[in-house]
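One structure below.
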Amino acid sequence: MNSYDHVPPDRSRSGRHQAGSGPADPGHSIRMAVKLGLILVFIVYLYVLVKVILFKFGGSSPGFYLRQLTESVTHPERILQHLRMMSNLVPMHEIIGNIRNLWSPSSFINFFGNIAAFMPLGFLLPLVCGFRSMPVLKVLLISFGVSLALETAQLLLFIGTFDVDDLIMNTAGGVLGYGVLRVLQATSVPDIKKSEGEHHAELDPGPPSVSLKLHEME
């Protein structure tokens with residue numbers, strides 16, 4: 001005749017189950033708050049970027065821009081004339097001129113300002129969207145796309161000049177901002193991961209061993 005000894009319930013598992021049904025992890029709330037904060041900062045940055053580059057800290061009424069856009073659509077020859085008369089379509093032309101005249105405040109601001117203005121874009125994109133979904137090539141393409149949109153808007157609204165060198169400097173600024181973030185990540189994240197690994201090792205020593213004893217009785 002065979003029988004099994006009574007096996008006590010696995011208290012470690014039931015304890016973990018009860019702990020899982022307890023209050024939410026406070027770290028999750030902190031991460032969500034940081035994420036929302038980064039999104040808010042990103043939105044404010046885009047607003048400031050458009051305000052500075054497109055409207056030069058100023059601006060007119062929406063009706064003015066609507067009339068300018070209507071003129072561009074109904075008279076496309078004005079756009080071509082604007083490109084020929086007031087635009088730079090030769091790569092590196094303005095960049096070389098600015099580098100040669102860096103002692104000039106206007107050249108200094110134009111060169112470093114166009115780069116610095118897009119550094120936050122390359123810095124914030126991986127933080128908002130995630131590093132895996134935002135590699136350097138995608139940051140480059142987005143930086144170029146945003147710059148192209150702003151330059152095109154200046155051309156269509158007749159509120160600035162279309163400059164191909166601005167595209168180059170803006171895109172370089174976005175990639176540079178991404179590089180700065182990567183350097184900061186490489187110098188700080190390993191220590192964070194190490195401490196997190198030790199913390200998880202202390203909390204979870206591993207699955208408990210469950211033994212079942214079998215006795216034979218005559």
Side-chain angles (χ1 to χ4, degrees), residues 39 41-129 134-183:
I39 294 174
V41 170
F42 187 67
I43 293 173
V44 172
Y45 161 73
L46 290 178
Y47 171 79
V48 174
L49 183 69
V50 172
K51 188 75 173 177
V52 172
I53 293 184
L54 199 58
F55 304 118
K56 306 296 187 293
F57 296 99
S60 301
S61 65
F64 168 78
Y65 297 115
L66 181 59
R67 288 192 299 271
Q68 294 290 86
L69 183 60
T70 303
E71 285 289 324
S72 299
V73 173
T74 56
H75 299 89
E77 67 276 2
R78 290 188 58 188
I79 300 177
L80 297 176
Q81 183 181 3
H82 195 71
L83 279 173
R84 290 194 300 264
M85 302 291 295
M86 302 180 61
S87 300
N88 171 41
L89 302 178
V90 182
M92 303 302 294
H93 178 267
E94 292 292 331
I95 293 177
I96 294 175
N98 289 326
I99 293 176
R100 289 176 176 174
N101 298 284
L102 279 180
W103 54 269
S104 171
S106 60
S107 297
F108 185 89
I109 294 174
N110 188 56
F111 180 73
F112 289 105
N114 276 293
I115 295 175
F118 273 68
M119 286 183 65
L121 181 64
F123 190 92
L124 291 172
L125 276 174
L127 295 177
V128 173
C129 303
M134 198 56 59
V136 62
L137 180 60
K138 187 175 289 187
V139 171
L140 185 149
L141 293 175
I142 292 177
S143 299
F144 178 81
V146 172
S147 178
L148 180 61
L150 293 174
E151 293 294 316
T152 304
Q154 291 184 88
L155 178 64
L156 295 177
L157 299 176
F158 299 102
I159 55 176
T161 61
F162 185 95
D163 194 338
V164 68
D165 282 344
D166 286 351
L167 296 176
I168 297 174
M169 289 184 286
N170 294 159
T171 304
V175 174
L176 185 59
Y178 178 86
V180 170
L181 178 62
R182 276 301 192 181
V183 170

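What you see is a predicted model; the values in this text were computed from it and never measured. Every heavy atom of this structure was used, including side-chain atoms; hydrogens, water molecules and symmetry mates were not.
Rounding to the nearest 0.5 Å gives a distance of 8.5 Å between CD1 of I95 and CG of D166. Atoms CZ and OG, from F112 and S107 in turn, are 11.0 Å apart once rounded to the nearest 0.5 Å. Summarising the geometry, atom CZ belonging to F108 is positioned 12.5 Å from atom CD1 belonging to I99; distances are rounded to the nearest 0.5 Å.
Annotation: side-chain hydrogen bond (donor to acceptor under 3.5 Å, both in side chains) contacts of N170 (sequence neighbours excluded): N114, S147. With sequence neighbours excluded, no residue satisfies ring-ring contact (aromatic ring centres under 6.0 Å, His included) with Y45. Scanning for side-chain hydrogen bond (donor to acceptor under 3.5 Å, both in side chains) contacts around R78 gives E71, with sequence neighbours left out. Checked against side chain to side chain contact (heavy atoms under 4.5 Å, CB included), I109 has no partners two or more places apart in sequence or in another chain. The side chain to side chain contact (heavy atoms under 4.5 Å, CB included) test applied to V146 returns L49, F118, L121, I142, L150, not counting sequence neighbours. For R84, the side chain to side chain contact (heavy atoms under 4.5 Å, CB included) partners are L80, Q81, not counting sequence neighbours. Every side chain to side chain contact (heavy atoms under 4.5 Å, CB included) that T152 has, sequence neighbours left out, goes to L148, L156, F162. Qualifying side-chain hydrogen bond (donor to acceptor under 3.5 Å, both in side chains) partners for T74, counting only residues two or more places apart in sequence or in other chains: none. Every residue two or more places apart in sequence or in another chain was checked for a side-chain hydrogen bond (donor to acceptor under 3.5 Å, both in side chains) with N98, and none qualifies.
Side-chain contact between L127 and F42: absent, with no pair of heavy atoms (C-beta onward) separated by less than 4.5 Å. The side-chain heavy atoms of I159 and Y65, taken from C-beta on, include a pair separated by under 4.5 Å.
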Output side-chain donor-acceptor pairs under 3.5 Å for residues 86-94, partner residues at least two apart or in another chain, one line each.
| from | atom 1 | to | atom 2 | distance (Å) |
| --- | --- | --- | --- | --- |
| S87 | OG | H82 | O | 3.2 |
| N88 | OD1 | V90 | N | 3.2 |
| N88 | ND2 | D163 | OD1 | 2.7 |
| N88 | ND2 | D165 | OD2 | 3.3 |

side-chain contact (heavy atoms from CB on, under 4.5 Å) between Q154 and L54, worked out: CA-CA 6 Å; Q154 291 184 88; L54 199 58; 3.5 Å; yes

side-chain contact (heavy atoms from CB on, under 4.5 Å) between L140 and Y178, intermediate numbers included: CA-CA 9 Å; L140 185 149; Y178 178 86; over 6 Å; no

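Taking every heavy atom of both residues into account, L167 and E151 meet most closely at CD2-CG, 3.8 Å. G122 approaches V139 most closely through the heavy-atom pair CA-CG1, 3.8 Å. Smallest separation of non-hydrogen atoms from S143 and G174: OG-CA, 3.5 Å. F144 and T171 make their closest contact through CA-OG1, 3.4 Å (heavy atoms, listed as atom of the first residue, atom of the second, distance).
A donor-acceptor pair under 3.5 Å links the side-chain atoms of S72 to the main chain of Q68, judged by distance alone.
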